[in-house]
Amino acid sequence: MSDALSTELLNRLGIAADQSGVYCGGWQAAHGPPLVSTNPATGQPLGRVLTASREDYDRVAEQSGRAFVRWREMPPPARGEVVRRLGEALRRHKQDLGLLVTLEVGKIRSEGLGEVQEMIDMCDFATGLSRQLHGLTIASERPRHRMFEQWHPLGPVGVITAFNFPVAVWAWNAALAAVCGDPVVWKPSPLAPLCAVAVQRIIDRELAEDALQGVFNLCLSHDAELGRWMAADRRLPLISATGSCAMGRSVAATVAARLGRVLLELGGNNAVVVTQSADLDLALRAVLFAAVGTAGQRCTTLRRLLLHESVAETMIERLVAAYGSIPSGEPWRDDVLLGPLISQQAVERMLAAVDAIRVQGGQILAGGQRLERPGYFVQPTLARVRPDLPIVAEETFAPILYVMTYRDLDEAIAIQNGVDQGLSSAIFTDRVREAEQFLSPAGSDCGIANVNIGTSGAEIGGAFGGEKDTGGGREAGSDAWKAYMRRQTCTVNYGHSLPLAQGVRFEIP
Ligand code: UN1
């Protein structure tokens, strides 16, 4: 894409040069160091933003607390109406915002648009939810007593997002938090600041009325320090963080020390099991999207392919052929399926993993190299390994797929569960017994378990997240909203006596 076209896009989205990266009821002066955003497909700068200093952040946290006092009083369906308008605005800006995602993080065009669609879906979901923040009525053991629970707003939520879903994961959190009555303080990835500024611009243009001041806030950072301030800040009762397991451990420890709440969505090491009865055409297509899509930079990316020994050679042959013909290149071009990695550092980490595979006795079947061209392009890589190689236990955020074989389903499930992470998993089978075993309590130990679809590309309607080192959080659909509210159990006595629970007697003689 020419410089002129990308400048035009940035102008349409209202992103000028030297954009302030602090927003709280309007753009505010930012006093932290500047940050340059790079187009990973060219290695060239896209724009420059200013980041938040400690004082800037404190001002935002303070004001979001004041906004909370107003916002929590607004009836939830009225808050839902605001989120509905946000969804409408995103629909109008879908093309431009989707293209910006493509330019700033290198996702192919269709995935950039899909990311904005995920935001829109989330807004629709949260709008409906705003009329369904139900509590239970519970049978009281005492006469003339009524017991029930209700859900109240929690307070400002700190939202830390990663580069790979630079806008959708904000929407998972912000749409739910907003209908639940919580303002949001957003710290996006330093690798995707323009996407965040563009979202905040849309909010500034379309949701600027007084009642909304301080509800959707932004603080850009150039490093991890802002995240540490947020984790330690009692003004943010919930920190929702997406990123590496190492980041999650540090955030969790800091938030736990102040007895705050965390919602963590950390690394995955996702596996697909292909059984003897699998539809191999279906499995092949699913594996390609899950392993190569987003250049292997989703937390749900397929990293381990477990093939039954009877289908292994056929599948490997077909995969090697497919890996050799995946069109890679500038992600804004319609025919491209594989864009760049996010940075030079990501390329180096991938090449180090490829070295480790060889040193540890694995075999590279396809790919394994960077492409000699501007930007951060690598070949999609297929490696045959034993399941117990140390490198296989690690999440390398790149398109490397580890292929291994197994004899029976018990063994496959043991391999699938034999890593520290527990995000997503899938089985390809046409046998109901195999599918049900995989989904049973003794089956996959992941937060997501699929049959005959890949590990990535979840819909927003389900709760999203994983177990073990993935952090245990659940975001987006189902009842994930409960994390953003505080539960209150209430008992009302409408009688004239005071019976005590458990039959306890306490009569003053
Ligand atoms: C992530 O990679 O952080 O299921 C989230 C998926 C997407 C979300 C991925 N809907 O792949």
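Bear in mind that the values here come from a model prediction, so they are computed numbers and not experimental data. Indexing begins at 1, ligand by ligand and atom by atom, following the structure's order.
Scanning for side-chain hydrogen bond (donor to acceptor under 3.5 Å, both in side chains) contacts around S189 gives an empty result, with sequence neighbours left out. By the side-chain hydrogen bond (donor to acceptor under 3.5 Å, both in side chains) test, D388 pairs with R386, sequence neighbours left out. A search for side-chain contact (heavy atoms from CB on, under 4.5 Å) contacts involving E81 returns R84, R85, not counting sequence neighbours.
At a threshold of 4.0 Å, the pair R349-E394 does not count as salt-bridged, since none of the basic side-chain nitrogens sits closer than that to a carboxylate oxygen.
A donor-acceptor contact shorter than 3.5 Å links the side chain of D182 to the backbone of L154.
Residues of the protein with a heavy atom under 4.0 Å from ligand 1 are E118, N164, F165, W172, E265, R298, C299, T300, S456, G457, A458, F464, listed by chain and number.
Geometrically, K107 engages F165 in a cation-pi contact defined by less than 6.0 Å to the ring centre and at most 45° from the axis.
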